[in-house]
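Encoded as structure tokens, the structure appears first; notes follow it.
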Protein chains: 2
Amino acid sequence: MRISELSQRTGVPVPTIKYYLREGLLPPGTSRGRTQADYGDDHVRRLRLIRTLIEVGGLAIADVQAVVAAVDDETLSLHGAFGVAHDAITPRHGLGDDGERAAAHAVIDELVDGVGWQVRHQSQSREMLADALVMLSRSDLARSADDLRAVAEEAQVRARADLAAVPTDIARSEAVEYVVIGTLAGEAMANALRRMAQEHESGLRFEPPPGNLTAGRP
Amino acid sequence: MRISELSQRTGVPVPTIKYYLREGLLPPGTSRGRTQADYGDDHVRRLRLIRTLIEVGGLAIADVQAVVAAVDDETLSLHGAFGVAHDAITPRHGLGDDGERAAAHAVIDELVDGVGWQVRHQSQSREMLADALVMLSRSDLARSADDLRAVAEEAQVRARADLAAVPTDIARSEAVEYVVIGTLAGEAMANALRRMAQEHESGLRFEPPPGNLTAGRP
């Protein structure tokens, strides 16, 4: 298909597609004469991955490049590519001073040892967890490794199901896309539902006007 | 305490504190002469809430102002104040065209009706969920209201526990802070643990070097 059709099918404007081509995020199409190129389903899929990373993951172009490079680097195992993608989409704020972060990482190390997980020391998910622990600790809601253990074990059950659901008969780029979308959309879905449920429970608990409970939505 | 001690106790630089005072995010201290003012524990708590909203919630000053105003507005119920705070910290990207969003909202309405939740139509958590549904739908992973029901029921169990844990013997500003930190830190903690567990499971599944499984962390 031509670039105009690629734009139509993906909803990404032609100038944006040209920008991604220049930045190397999108591989060039098959040349058809001097000024035209032909694009295929791979381009549609790649554009979808790029838009997901930018719009939902909030990634900068440099981080998108890192993910795309990992997808295209066949010397990297699928596990390695997932790690690069995960790191790129994991928010970290570096909350706390050296002492606070060291305390948080001590809790995390103890937890990881306790449950026997293989998680890289430089994994950004450790930094994300450290941010949460610093925040809780500052609000006098500090969590120990023991406190986290039940949540961790529950997380592992879900993670096993998450990974089992990754199709194995698809291209590597699709598998990475699947993991990125599964993580971002899965978490957004679960978090949004929890917030909606919190709103409902908050209404019941902190504003219980008896007559309204059976009435329509406010 | 003086502004210098307030800065020391909270880690927020004096010029930043003065900026918050000018913007009305922080109430003025008790005047002690022409150029000095006295600050108390309320200021420490308020600064903590502001920093959490900015650093972890990623909020702009205008959104922080909305939350702070809701905390201070005694005509608003606690449930109402929670709603303002929740809306401010809820990410929404407005993914999808009109048709895609209408389809997502139809699924959400059906779900909310089915589980009998009271969730405002304008609640930002609905928009957050719509983003996730649009994303999944674009990746051929569309979810129906029936698909969501089990996740929603699980979310409700957690939400009930979340709300039951909100202390009722504290100031309203502390209750709002508690909900904000509980939501942000609680989700970050759960999401980070799930990502760490996914990394572990991904290693087992997609890069199983038998000798390494019992060895130390890589």
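A, B, ... follow the sequence lines: proteins, then strands. Residue 1 opens every chain.
- Most heavy-atom pairs under 4.5 Å with chain A: of the set D162(B), V179(B), L78(B), this distinction falls to D162(B).
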side-chain hydrogen bond (donor to acceptor under 3.5 Å, both in side chains), that's the test. Do T90(B) and D87(B) meet it? Break it down for me.
CA-CA 5 Å; T90(B) 296; D87(B) 279 350; 5.3 Å; no
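- Applying the side chain to side chain contact (heavy atoms under 4.5 Å, CB included) criterion to E100(B), with sequence neighbours excluded, gives D97(B), V134(B), R138(B).
- At a heavy-atom cut-off of under 4.5 Å, chain B is reached by R48(A), T52(A) from residues 45-54 of chain A, listed in order of number.
- When side chains are defined from C-beta on, V44(A) counts as touching M1(A), because their heavy atoms get closer than 4.5 Å.
- Of the listed residues (L193(A), N191(A), V151(A)), the one with the most heavy-atom contacts under 4.5 Å to chain B is N191(A).
- Contact record, Y178(A) with A165(A): OH-O, 3.2 Å, taken as the closest heavy-atom pair.
- Interface remark: E174(A) contributes no atoms to any contact with chain B (heavy atom separation under 4.5 Å).
- In this structure, the side chain to side chain contact (heavy atoms under 4.5 Å, CB included) partners of P15(A), at least two apart in sequence or on a different chain, are P13(A).
- Pairing each heavy atom of L76(B) with each of A70(B), the nearest pair is CD2-CB, 3.9 Å.
- Of the listed residues (H93(B), E55(B), R158(B)), the one with the most heavy-atom contacts under 4.5 Å to chain A is R158(B).
- Contact count versus chain B (heavy atoms, under 4.5 Å) is highest, among I181(A), V115(A), T168(A), for I181(A).
- Screening H86(A), Q118(A), R120(A) against E199(B) for a side-chain hydrogen bond (donor to acceptor under 3.5 Å, both in side chains) leaves a single residue, R120(A).
- Remark: R172(A) does not engage D73(A) in a salt bridge, criterion side-chain N to carboxylate O under 4.0 Å.
- Counting heavy-atom pairs closer than 4.5 Å to chain A, the top-ranked of the candidates L184(B), L133(B), I108(B), T183(B) is T183(B).
- With a threshold of 4.5 angstrom between heavy atoms, D140(B) approaches chain A through side-chain atoms but not through N, CA, C or O.
- Put simply, the side chain of Y19(B) reaches to within 4.5 Å of the side chain of I61(B), judged on heavy atoms.
- Interface remark: D131(B) contributes no atoms to any contact with chain A (heavy atom separation under 4.5 Å).
- Looking at L129(B), both its backbone and its side chain come within 4.5 Å of chain A, counting heavy atoms on both sides.
- In terms of non-hydrogen atom pairs under 4.5 Å with chain A, the most contact-rich of Q198(B), R195(B), R194(B) is R195(B).
- Under the side chain to side chain contact (heavy atoms under 4.5 Å, CB included) criterion, A145(B) pairs with V107(B), E110(B), L111(B), sequence neighbours left out.
- The candidate with the highest count of non-hydrogen atom pairs below 4.5 Å against chain B, out of S125(A), G186(A), A175(A), is S125(A).
- Contact detail for A132(B) and A185(A): the closest heavy-atom pair is CB-O, 3.7 Å.
- Per-residue heavy-atom pair counts under 4.5 Å with chain B were compared for A192(A), A190(A), G80(A), G182(A), and the maximum is reached by A192(A).
- Neither the backbone nor the side chain of Q124(B) comes within less than 4.5 Å of any heavy atom in chain A.
- Considering only heavy atoms from C-beta on, Y20(B) stays 4.5 Å or farther from V64(B) through its side chain.
- Heavy-atom distances place both the backbone and the side chain of A164(B) under 4.5 Å from chain A.
- Taking chain A as the reference chain and counting heavy-atom pairs below 4.5 Å, the highest number among M196(B), M135(B), M128(B), Q156(B) is found for M196(B).
- Contact detail for A152(B) and W117(B): the closest heavy-atom pair is O-CZ2, 3.4 Å.
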